[in-house]
Each structure stands twice: as C-alpha cells, then as structure tokens.
Protein chains: 2
Amino acid sequence: MDLQLSVDRASPVPLYFQLSQQLESAIERGKLAPGSLLGNEIELAGRLGLSRPTVRQAIQSLVDKGLLVRRRGIGTQVVHSQVKRPMELSSLYDDLEAAGQRPATQVLRHTVQEATAQVAAALAVPEGTEVRLVERLRLAHGEPMAHMRNHLPVDLLAPGEAELETTGLYRLMRGAGVTLHSARQTVGARVADAAEARLLGEDEGAPLLTMQRTTYDDTGRAVEYGSHLYRASRYSFDFQLLVRP
Amino acid sequence: MDLQLSVDRASPVPLYFQLSQQLESAIERGKLAPGSLLGNEIELAGRLGLSRPTVRQAIQSLVDKGLLVRRRGIGTQVVHSQVKRPMELSSLYDDLEAAGQRPATQVLRHTVQEATAQVAAALAVPEGTEVRLVERLRLAHGEPMAHMRNHLPVDLLAPGEAELETTGLYRLMRGAGVTLHSARQTVGARVADAAEARLLGEDEGAPLLTMQRTTYDDTGRAVEYGSHLYRASRYSFDFQLLVRP
DNA sequence: TAGTGGTCTAGACCACGCG
DNA sequence: GCGTGGTCTAGACCACTAA
C-alpha cells in the first residue's frame with residue numbers, strides 16, 4: 001500500500017478535504033483495490049503529519065459516500081461494489097447532457113398566472129398568488145423525451161426563453177443565488193391520453209412515467225413545483241441508495 | 001429557547017447521540033420552531049458540560065439528515081420545510097405495515113434454480129450458478145398490490161414459507177446477520193400483458209410500475225436481485241432527496 | 001493480548017456575515 | 001469589531017475483533 005498521499009498546508013483547501021479527495025481518486029483509479037485495508041488511522045495521521053481527528057474526518061466523508069466501510073477491531077476497507085452515484089437533484093437536461101445525448105428544449109409556454117389549489121398547496125403560497133409557469137418539451141436526438149411543467153415563485157427567477165432552451169432550471173436557480181436543499185418526489189405511471197400521445201410522439205395508451213416534485217431551498221422555502229411526464233419507452237429513473245447506518 | 005437538554009454520562013449511549021436525539025425530538029414536536037436559531041455551539045457545550053466537538057458531532061448528524069442548516073456568521077437554524085424521510089431501503093411489506101395497510105403475502109414460488117444470464121450478471125455470479133428464487137404476491141386489504149420476484153444467493157438465507165409470508169425479505173436478511181449497505185435501482189413503466197393483468201387484478205393494457213433492484217451488503221457482495229411489478233393505480237414511489245452540499 | 005475504530009476532551013486559530 | 005461556524009491539534013479511554 002504505497003499510496004502517495006500528501007497534504008499542502010499552504011493551500012486554502014482544508015486538510016481533511018485534500019486527503020479525502022486523494023483517497024477517493026485512488027479508489028476510483030483502482031490504486032486502492034476493493035476490499036483492501038486502508039491502514040490504521042493513527043499510523044496514517046503520523047505519516048501525513050496530521051492529527052487523528054483530521055484523518056478521521058477525511059475517512060468519514062468517504063464512508064458517508066459509501067466508498068469505505070469501517071469495522072471496529074478490523075480496519076477500514078474499500079467497498080467492493082461499484083457505488084455510482086446516489087440519486088441527485090439534477091435536471092433532466094444535465095442528466096442527458098452528461099450522458100452525451102445532446103438534449104434540446106422547446107419552450108411551449110412561459111407565463112405568469114394565478115396558482116391553482118394544487119400548485120398553491122405545493123408551493124405553500126395562498127391560492128390565487130401569481131406564480132411563474134414554464135412548460136417545456138425535452139428532446140434528445142430530436143425525439144421527444146419528456147413534457148415538463150414547472151411552477152415557481154415569480155420573484156425567484158426571470159429567465160429568458162433563450163436561457164430556458166439552453167440551460168436546466170436548477171442551474172438557472174443556482175446561478176440566481178438559490179441554494180437548493182431538498183426535494184420531495186412522487187413517481188408513478190399512467191397511460192397516455194390522446195393529447196399527451198401526440199405531444200410525445202407515442203400512441204394513445206402508451207405507458208408514461210409521471211413525477212411530481214417540490215424543491216426547497218435551505219431556508220425551507222418551496223422554490224419549484226414540477227409535474228412531469230416521461231416516455232416510459234425511452235426513459236427510466238436509475239439511481240443508487242445508501243442504507244442509513 | 002428554554003429547551004430541557006441534558007445528557008446522562010452513565011448511559012452507554014454516546015453523548016453526541018443523546019443530544020442529537022433530544023434535538024431531533026424537539027424539532028419534531030415543534031419545541032424548536034422552523035427557522036429558529038439553535039444558539040451557538042460553545043454556549044451549548046458549556047450548558048451541557050460537553051466539549052464543543054461533541055456538540056458539533058450531534059449537530060452535524062442532524063445537518064446530514066437535513067433537519068438543520070448551518071451558516072457561518074449566522075448560526076444554526078431549524079429547516080422550515082418538513083423533511084420526512086429520504087428514500088429508504090425498506091421492503092414493501094414494511095412500508096405497507098407502517099402505513100397501517102395490513103399487508104399480506106402469497107408465496108407463489110420458492111425454489112432453487114440455475115441463474116440466467118441476466119440474474120447472474122446482477123448478482124455477479126457465474127451463469128448457471130444455483131440461486132434461490134422467491135416469487136411473491138403482495139396484497140393490501142386483500143387486493144393485489146405488487147408482484148415481486150427475488151433472486152438471492154443460496155447460502156445466504158433459507159427462509160421457510162411461513163417466514164416469507166409474515167416478514168419482509170430485508171428483515172429476514174438483517175436477522176440472518178446480513179448488513180445491507182447499498183442498492184442500485186431502476187424504476188420504469190410499461191403496460192400489463194394478459195398474464196400480469198390476471199395476476200394483479202388489472203385489465204390488459206393497465207399501467208404498471210417496474211422496479212429492478214440489486215442490493216449489496218457491506219462487503220460489496222450482491223445479496224439480492226429483485227424484479228418487481230406494481231399496480232400504478234394503487235402504488236407510487238414517494239421519497240425525499242437531500243442535495244449533497 | 002494486541003490492534004482497530006468509537007468516543008471524548010480542552011483548548012486553538014481562521015473565515016465569513018453582519019452591523 | 002464581533003460573533004458565528006469551520007478547521008485543527010494532541011492527547012485520552014473504551015468497545016470490539018481476531019489470533
């Protein structure tokens with residue numbers, strides 16, 4: 001286990017973070033084989049000139065990510081299974097882009113209107129409050145993938161159509177200084193009616209995945225309510241879960 | 001903020017855990033209002049006779065759960081939005097039971113057979129290896145909810161039919177000393193064929209939610225591959241996400 | 001018994017947000 | 001400037017596991 005670990009005390013990057021990044025990259029590159037022991041914390045601390053709590057903090061962050069497992073009396077091991085990524089709060093646009101699908105977006109509607117009861121409840125605003133409505137069609141390789149209807153508070157964001165066609169909604173929010181914190185989602189299924197089928201290029205009766213999602217910022221304010229339809233023939237939700245210890 | 005916090009040093013429960021539990025229950029009961037500040041860590045430590053790192057550990061665990069937010073220069077606040085629970089690796093049986101649905105299970109098949117290519121790949125065993133197959137129908141209020149097909153290594157578990165009808169698979173695994181660690185899931189949708197419709201009490205062409213899941217223990221071994229069908233008219237996946245900071 | 005991680009202490013200095 | 005959380009140290013004792 002001759003890993004070349006080192007920390008730079010002149011760097012503004014926290015020491016524990018430098019160490020966890022080096023360990024993570026070593027695991028990803030296979031320098032640290034699955035199942036291999038990491039060596040005990042005290043020795044590691046001494047070798048790097050760090051205190052044990054700092055080393056523990058680095059290791060703990062990787063345990064939280066699911067890359068390492070600690071066992072009392074045994075040691076710290078690299079997990080065997082390939083942990084990919086937990087389900088992220090990413091936009092479909094970013095997902096598709098990351099998958100090299102060259103996404104495109106058509107803005108079908110972009111208006112301000114009064115919140116219906118359902119939308120008002122989801123955003124926790126009074127019924128009738130003005131909310132922004134963005135309705136988009138997401139395409140990949142020129143084929144429709146999803147129909148997305150998003151409601152958001154009017155004062156949060158005022159995106160131009162051009163931005164909406166080239167950037168995911170979450171990225172726009174982050175750019176506007178919104179710190180996303182959590183989201184509540186419901187995933188279900190139903191069959192397409194005639195209008196939905198026409199819009200998505202499916203036949204009537206084709207299976208669709210439905211998702212409703214309310215997203216909150218770190219103050220607990222609801223910043224977005226989305227109600228989306230995905231073509232089940234073209235899309236599925238794929239994600240990793242970590243068991244809470 | 002006159003919270004009655006106290007720790008018992010004679011208890012075997014770790015001090016940070018005692019504190020985090022008390023804070024969590026105070027938040028749940030509304031004793032700590034959303035948005036309220038928690039008071040600074042040093043003062044809190046002094047009041048409880050704990051060191052600051054111990055108090056930080058307690059607070060950090062609640063930040064990780066999404067119940068608190070820390071801001072430098074501001075303080076630690078209770079999050080406004082109601083964080084329920086992140087998606088857990090729970091069995092449908094436990095989910096239904098928790099929801100007071102009085103679930104029941106019919107074991108349709110319980111055999112050992114040679115792994116097909118798909119199952120072998122999911123469990124990371126050679127094709128043709130013997131694996132246990134459990135096929136069950138899950139009911140709630142006497143109505144079919146889901147059809148579940150699970151494959152697991154033969155040496156992992158040898159459940160009796162009675163156990164399978166009264167206990168979720170994950171609970172059986174935990175009882176057998178298996179430490180679940182992570183799972184990889186795919187959720188999609190399709191329409192029911194004639195046989196599926198008959199089994200689930202739906203019409204042909206009814207929408208179904210599909211889920212494939214591979215579960216790993218903490219050594220990285222695949223301990224279960226499941227391929228499940230849910231009636232979309234009766235079931236949807238409902239869960240909470242936390243944004244990774 | 002020896003070695004590991006789990007917990008805990010009593011300090012220290014720094015970076016950031018606000019008035 | 002002041003108070004907050006963010007990071008870090010150099011120890012200590014305990015609980016669990018394996019040989």
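Throughout, a chain's letter reflects where its sequence line sits, starting with A, and its residues are numbered from 1. The basis for the numbers below is simple: all heavy atoms, side chains too, and nothing from hydrogens, waters or symmetry mates.
Computed from coordinates, the B/Gln57 CD to D/dG6 C1' distance equals 16 Å when rounded to whole Å. To the nearest angstrom, P of D/dC14 lies 22 Å from CZ of B/Phe17. Rounded to whole angstrom, the span from the CZ atom of A/Arg56 across to the C1' atom of D/dG11 amounts to 15 Å. Rounded to an integer number of Å, the gap from B/Leu15 CG to D/dA12 P is 20 Å. Rounded to whole Å, the distance from CD1 on B/Ile59 to P on D/dT4 is 12 Å. Atom CZ of A/Arg70 is separated from atom P of D/dT17 by 16 Å (rounded to the nearest Å). Rounded to whole Å, atom P of D/dG5 lies 10 Å from atom CD of B/Glu43. Spacing between atom CD of B/Gln77 and atom C1' of D/dG5 amounts to 13 Å, rounded to whole angstrom units.
Under a 3.5 Å cut-off, the side chain of B/Gln18 and the backbone N or O of B/Asp8 do form a donor-acceptor pair.
Both A/Thr54 and A/Ile74 lie close to DNA chain D; mapped to their nearest nucleotides by heavy-atom distance, the more 5′-ward contact belongs to A/Thr54. Toward the 5′ end of DNA chain D lies the nearest nucleotide of B/Ile42, the other residue of the pair B/Ile42 and B/Pro53 mapping further downstream.
Contact between the side-chain N/O atoms of B/Arg52 and the OP1/OP2 oxygens of C/dT9 is not found at any separation under 4.0 Å. Residue B/Thr76 has a polar side-chain atom (N or O) positioned under 4.0 Å from OP1 or OP2 of D/dG5. Look at B/Arg9 and you'll find a side-chain N or O under 4.0 angstrom from OP1 or OP2 of C/dT9. Side-chain N/O atoms of B/Asn40 include none lying less than 4.0 angstrom from OP1 or OP2 on D/dG3. Look at A/Arg71 and you won't find any side-chain N or O under 4.0 angstrom from OP1 or OP2 of D/dC16. Between B/Tyr16 and C/dC8, a side-chain N or O to OP1/OP2 separation shorter than 4.0 Å is absent.
Closest to the B/Glu41 side chain, of the nucleotides D/dG5, C/dT7, C/dT9, is D/dG5. When the nucleotides C/dT9, D/dC16, D/dT7 are ranked by their closest atom to the side chain of A/Arg72, D/dC16 comes out on top.
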Just do the side chain to side chain donor-acceptor pair (under 3.5 Å) check on B/Thr215 and B/Tyr225 with the steps written out, would you? CA-CA 7 Å; B/Thr215 311; B/Tyr225 169 67; over 6 Å; no

Check the pair A/Gln240, B/Gln185 against side-chain contact (heavy atoms from CB on, under 4.5 Å), reporting the backbone distance first and the verdict last. CA-CA 6 Å; A/Gln240 178 104 16; B/Gln185 308 192 166; over 6 Å; no

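Under the 4.0 Å criterion applied to side-chain N and carboxylate O atoms, B/Arg70 and B/Glu41 are assigned as salt-bridge partners. Salt-bridge annotation for B/Glu24 and B/Lys65: present, with a side-chain N of the basic residue lying under 4.0 Å from a carboxylate O of the acidic one.
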